[in-house]
2 protein chains.
Amino acid sequence: MAATSAGKTYHHGDLRNALICAAVDLATEGGPERVVLREAARRVGVSPTAAYRHFDGRGELLRTVRTHARRELAAAMERAAAREPGADDPGLAAERRVTALCRGYVGFAVEQPGLYRAAFCVPGPAVDEPLPVRPPAEPEILAFTLLREALEALAGQGAARPGGRPATAAAAWSAVHGLSLLLVDGPLRRLSAQRRGVVVEATLAMVVSGAAVG
Amino acid sequence: MAATSAGKTYHHGDLRNALICAAVDLATEGGPERVVLREAARRVGVSPTAAYRHFDGRGELLRTVRTHARRELAAAMERAAAREPGADDPGLAAERRVTALCRGYVGFAVEQPGLYRAAFCVPGPAVDEPLPVRPPAEPEILAFTLLREALEALAGQGAARPGGRPATAAAAWSAVHGLSLLLVDGPLRRLSAQRRGVVVEATLAMVVSGAAVG
DNA sequence: CTGGAATGTTCATGCGGTTAACTTCGGGCA
DNA sequence: TGCCCGAAGTTAACCGCATGAACATTCCAG
């Protein structure tokens with residue numbers, strides 16, 4: 001996330017992007033509250049008001065960072081799933097994928113607390129129902145989509161209550177999201193890596209057992 | 001939470017409390033970010049800097065609000081548990097208590113989103129391990145303590161893995177906490193009351209099934 | 001009484017968001 | 001080719017907030 005450098009011209013040439021990079025850096029360092037318009041401008045070497053040529057204000061800058069952070073989160077989940085062995089065994093594949101995605105989610109939160117918090121700062125787009133709208137869905141909540149699809153695949157094997165599916169996905173999301181926040185920001189933030197692992201695994205067990213029930 | 005009124009004397013008489021009430025009102029209305037020193041002082045009818053005679057600064061005021069909010073949260077949980085019928089049947093009592101506490105938790109979050117968010121704003125005291133330290137524990141994280149004890153009672157019946165107990169409590173907490181945030185602040189905030197109920201129940205089912213496993 | 005400790009007040013500083021008015025550049029059109 | 005306009009930056013200024021310093025008013029203990 002190094003700012004794109006340009007000559008010392010009056011016109012920057014790529015200010016919008018440079019500001020986004022600076023803002024992402026800020027969020028990475030200290031979370032959404034540290035995303036400050038003036039500071040981003042300072043880092044890029046431009047006057048504070050220049051940012052207004054490219055963003056509606058701090059709010060839009062922050063929303064842009066949020067989008068970036070959500071993409072990173074989803075990417076981390078997919079990386080974790082891809083890294084997962086055992087995708088060959090079709091019997092276990094579904095469950096392994098779910099747990100891998102969840103580990104990727106929590107792992108991202110723990111390793112990038114600032115970005116993770118930024119991913120859920122200002123209220124973004126909301127869903128009307130946690131249902132399995134497959135086709136497009138907003139790319140915004142990609143993390144949820146990944147999780148939901150994996151859970152459907154898992155439930156598809158067993159015989160789960162039909163109406164319970166989307167709610168189950170929401171429950172799983174709740175678990176990993178809540179766990180992440182407790183670990184990053186909350187009362188569990190001081191857990192040793194080992195204990196943290198134990199809690200993560202317990203949560204995953206809960207999610208999987210819940211998927212079987214739901 | 002009405003401010004304690006006093007005559008128009010130079011000395012307020014109970015400024016600290018009045019400021020706390022005003023700050024709690026602010027948090028109730030708009031969450032922790034709306035807890036602004038100057039506004040609280042304004043509402044109490046006092047100059048902004050007067051607050052510094054009673055608080056170290058905005059931070060301490062906010063921390064005081066947080067403590068208040070956490071107490072309210074725990075109280076709401078206990079009310080919900082007390083309201084729960086079926087405490088007579090010892091076989092179901094434990095499970096019912098767990099679900100009632102969780103419903104109380106989420107219910108408080110949904111009904112008092114501002115206060116709920118304030119309860120987890122600035123990082124408060126953290127636990128070293130999510131273990132069943134029975135005796136005192138910090139009264140801060142009372143909500144967690146309530147949940148943990150109820151889960152222990154539940155697990156005490158079945159034969160759960162001994163080491164898994166505290167981690168199970170953390171997992172359950174993660175679920176209700178995450179669900180609350182998604183409903184209050186996050187992508188699930190637009191769910192109708194009915195759908196919300198479905199998601200809550202699915203999450204509770206997951207928590208209970210997880211307690212059986214853990 | 002009276003003097004100091006509490007408790008409030010007024011000023012002043014610095015930061016961050018945002019708007020208004022002015023400046024510089026780059027590129028398309030006469 | 002040269003000029004002019006609009007995009008992209010700049011400076012100046014306003015407002016609200018947190019906070020510190022110095023001053024004012026009360027209250028109460030001795």
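This is a predicted model, so every value here is computed, not measured. Values below: all heavy atoms of this structure, side chains included; hydrogens, waters and symmetry mates excluded. Residue numbering restarts at 1 for every chain, and letters A, B, ... go by the order of the sequence lines.
Closest approach to the B/R42 side chain among D/dG9, C/dG17, D/dC17 is made by D/dC17 (side chain taken as heavy atoms from C-beta onward).
Salt-bridge check for A/E201 with A/R103: passed, with a basic side-chain N closer than 4.0 Å to an acidic carboxylate O. Classification of A/R63 and A/E60 as a salt-bridged pair fails, no side-chain N sitting under 4.0 Å from a carboxylate O.
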Stepwise side-chain contact (heavy atoms from CB on, under 4.5 Å) check, A/L73 with A/L142
CA-CA 9 Å; A/L73 170 60; A/L142 226 184; over 6 Å; no

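Atom CZ in A/F55 sits about 15 Å away from atom C1' in D/dG9, given to the nearest Å. One can place CD of A/E33 at 13 Å from P of C/dG17, the figure rounded to the nearest angstrom. Spacing between atom CG of B/L15 and atom P of D/dT25 amounts to 19 Å, rounded to whole angstrom units. Summarising the geometry, the separation between CG on B/D14 and P on C/dA6 is reported as 18 Å, rounded to the nearest angstrom. Residue B/L61 contributes atom CG, which lies 14 Å from atom C1' of D/dT19 at whole-angstrom precision. Taking atom CG on B/L37 and atom P on D/dG16, their separation rounds to 16 Å, with Å as the unit. In this entry the distance linking CG of B/L19 with C1' of C/dT7 reads 12 Å, nearest Å. When rounded to the nearest whole Å, the span between OH of A/Y52 and P of D/dC14 equals 17 Å.
For the OP1/OP2 pair of D/dT19 and a distance below 4.0 Å, the side-chain nitrogens and oxygens of B/R38 include no atom meeting the criterion. The side chain of B/H54 places an N or O atom within less than 4.0 Å of a non-bridging phosphate oxygen (OP1 or OP2) of C/dG8.
For A/R58 and C/dG16, a side-chain-to-base donor-acceptor distance below 3.5 Å is absent, hydrogens and geometry of angles not being considered. Not a single donor-acceptor pair, N or O on each side, falls under 3.5 Å between the base of C/dT18 and the side chain of A/T49.
A centroid separation of less than 6.0 Å is found between the aromatic rings of A/Y116 and A/Y105.
Projected onto DNA chain D by closest heavy-atom contact, B/R53 and B/D56 fall at different nucleotides, the more 5' of which corresponds to B/D56.
Checking side-chain atoms of B/R196 against main-chain N and O of B/L183 turns up no donor-acceptor pair under 3.5 Å.
Within 4.0 Å (heavy atoms only), A/R34 reaches no atom of the nucleic acid at all.
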